[in-house]
Each structure stands twice: as structure tokens, then as C-alpha cells.
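As the structure lists them, so they are numbered: ligands from 1, and atoms in each ligand from 1. Just so you know, residue 1 is the first one in the sequence shown, and it goes up from there.
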Amino acid sequence: MKSFRVGRLFGIPIELDLTFLLVLPLFAYVIGAQVGRWVGILNDVLGAGLDAGVLTATPAVSFGLGTVGALGLFLGVVLHELGHSLVARRYGVEISSIRLWIFGGIAQLAEMPEDWKKELYIALAGPAVSIALGGVSYAAFVALGGLGGTVGVALSFLLGYLALMNLALAGFNLLPGFPMDGGRVLRALLARDRPYARATQIAARVGQGFALLLGLFGLFGGGGLFLVAIAFFIYIGASSEAQQTMMRAAFEGVVVRDVMTPAEQVNTVARETSVADLVRRMFTERHTGYPVLENGRVVGLVTLEDAQSV
Ligand SMILES: [Zn+2]
């Protein structure tokens with residue numbers, strides 16, 4: 001899918017997917033159109049005491065708020081992904097980019113380490129950032145409370161809105177289904193005392209069951225089509241994670257150590273060994289590759305293919 005690189009954070013490229021560029025104005029519009037409703041929620045939940053009349057007086061104000069709110073929301077998503085990325089990088093995992101698309105953000109990790117502790121901390125880092133952002137927004141909301149004028153009320157609104165949305169983002173991401181963070185947390189915890197493949201299978205099942213429930217709620221419980229789309233996305237995510245694991249399970253627990261030739265049994269050749277001798281040894285010793293030694297140090301590797309190319 002076409003995407004645009006907009007900059008770097010901590011050396012990690014930030015990319016905007018085409019689907020994100022379509023969904024951003026939509027979000028700005030939806031938030032702008034719901035300013036009145038959100039004022040009600042903020043007054044109920046946070047005791048904000050905001051005057052909806054000030055914020056919905058003109059479309060310019062409400063849609064301006066919608067635009068800033070949407071940008072703030074997506075900045076929160078980028079920082080959430082950055083949380084995952086920086087912890088992953090500390091564990092030596094390469095991050096090619098952070099990409100924003102229609103369903104939010106993805107940190108593109110080279111590979112998730114199969115070590116339950118690392119996976120757990122990487123998975124928790126995103127929601128932890130979201131919770132921290134929610135807390136900081138709330139603290140600023142409280143500190144600036146009571147500011148008057150359109151700008152003051154608008155600022156209170158945005159801070160309160162971002163406080164709730166970042167907490168909601170953390171909660172949503174902790175739902176126990178792949179590819180949500182909660183699915184990875186679940187797998188990491190399951191992998192403490194069982195093989196990684198088995199843990200993945202169980203976590204994937206839970207994710208699929210959860211996606212099914214979510215889809216049914218979307219269809220029949222009034223959750224709406226967006227929820228059905230998310231349920232579908234989680235179901236596919238869980239299935240593909242389980243499938244990848246089936247393939248890996250064949251080699252589960254098998255490391256190179258188990259199949260390699262130990263150093264003391266390795267047949268080696270010298271740089272001066274003739275290719276004719278090498279080929280003769282390949283046939284008698286049934287090896288197709290030899291380390292090349294000089295003064296006891298490995299200086300190269302020679303294989304049957306190399307010999308054939310002479
Ligand atoms: Zn996350």
C-alpha cells in the first residue's frame with residue numbers, strides 16, 4: 001500500500017498510509033460533529049463544567065476542535081507505537097518504521113523475540129505510554145481548569161478529550177486478541193511454562209473467540225459496522241498468528257546446536273589443500289562444506305558448490 005514518510009522520531013521513520021490520509025479528515029469531521037456530546041461526557045465523567053454553547057457556537061470552532069482533536073489522537077497513537085518500538089530496540093529488535101493506517105498504528109518490528117519476558121515488556125510498553133499520556137493530559141486538564149474564554153474552554157475540552165481517549169486506547173489495546181497488545185501479553189504469560197507454539201495456539205484461540213463475540217456484538221448488540229470490521233481484523237490476525245506458529249512448531253525447540261557438527265568433530269581444510277583432495281574428502285567423509293583454517297583460525301568456508309565452479 002502506498003505510504004508517505006513524514007519524519008523520524010528517535011531515528012525511526014514515521015509513515016502515513018494512504019488509508020490514514022483518508023481517515024484523518026473523517027475523524028476530524030466526526031469529532032467536530034460530536035463536540036456537544038463530548039462536552040456532556042466530560043462534564044459527567046471528569047466534572048469538567050464546560051459550556052457546550054461556547055464550543056459549538058460556530059462550525060469553525062467545533063471543526064477546528066475536531067481537527068486538533070484528531071491530530072492529538074493520532075499523535076497519541078504514534079507515541080504508543082514508539083513505546084513498543086523503543087523497548088523492542090533495547091532488546092536488539094530492528095524497527096523498520098512506525099506506520100499509521102486506517103485502524104491506528106503499527107510498529108513494524110523485524111521479528112518478535114520468542115522470549116516471554118521481552119515480548120511481555122514490548123507488548124505492555126504501548127499501553128503504558130497511552131496510560132501515561134492520559135495521566136499527563138488529565139493533570140494538565142486539572143491544572144488549567146477554570147480558564148475562561150473560548151480558547152480556555154477549548155483547551156480544557158481537548159485535554160479532557162485526550163485524557164479519556166488515551167485511556168480508552170490503552171484499554172482497547174489490552175483486549176486479549178491478536179494482533180492487539182493484549183493478545184501478545186496473554187501469549188507471553190502463557191509461554192512462561194509451556195512451549196511458545198502451544199502458548200500462541202491458545203492465545204490465538206482466545207483471540208478468535210473474542211473476535212467472534214465482538215463481531216456478534218457489532219452486528220446484533222448495536223456496536224456498529226466499525227466494530228464488525230475490527231472483529232474481522234482481529235480474527236484474521238489471530239488465524240495468521242496461529243498458522244505461522246504451526247510452521248514454526250515443526251522446529252520448536254530445535255536450535256542449530258542440536259544439528260550442527262561440534263567443533264572437535266569438524267573436518268577442516270587448509271588454504272593450500274588442493275581442490276582435488278577437497279573433492280575426494282567430500283566423497284569419503286560425506287561432508288559438502290569445510291571451514292578453511294590457517295594457524296588454527298577460520299579464514300574461510302569452502303563448499304561443494306565452490307569446488308564445482310572451478
Ligand atoms: Zn500497541
Checklist line | 2.8 Å shell around the Zn ion (ligand 1), exclusive bound, protein N/O/S atoms | finding: 4
Item checked: Sidechain-backbone polar pair: H84 side chain, A125 backbone, donor-acceptor under 3.5 Å -> no
Next item on the list: Look at the side chain of D17 and the backbone N and O of L100, then say whether any donor-acceptor pair between them is shorter than 3.5 Å.
Entry: no
Notebook entry, point to check: Take atom CD in E285; do more than 12 heavy atoms of anything else shown fall under 6.0 Å from it?
Noted result: yes
Notebook entry, point to check: Rounded to the nearest 0.5 Å, what separation is found between the CG atom of L50 and the CZ atom of F157?
Noted result: 8.0 Å
Checklist line | Close side-chain approach of I41 and Y161, heavy atoms under 4.5 Å | finding: no
Check: About how many Å separate CD1 of I131 and OH of Y138, when rounded to the nearest 0.5 Å?
Finding: 16.0 Å
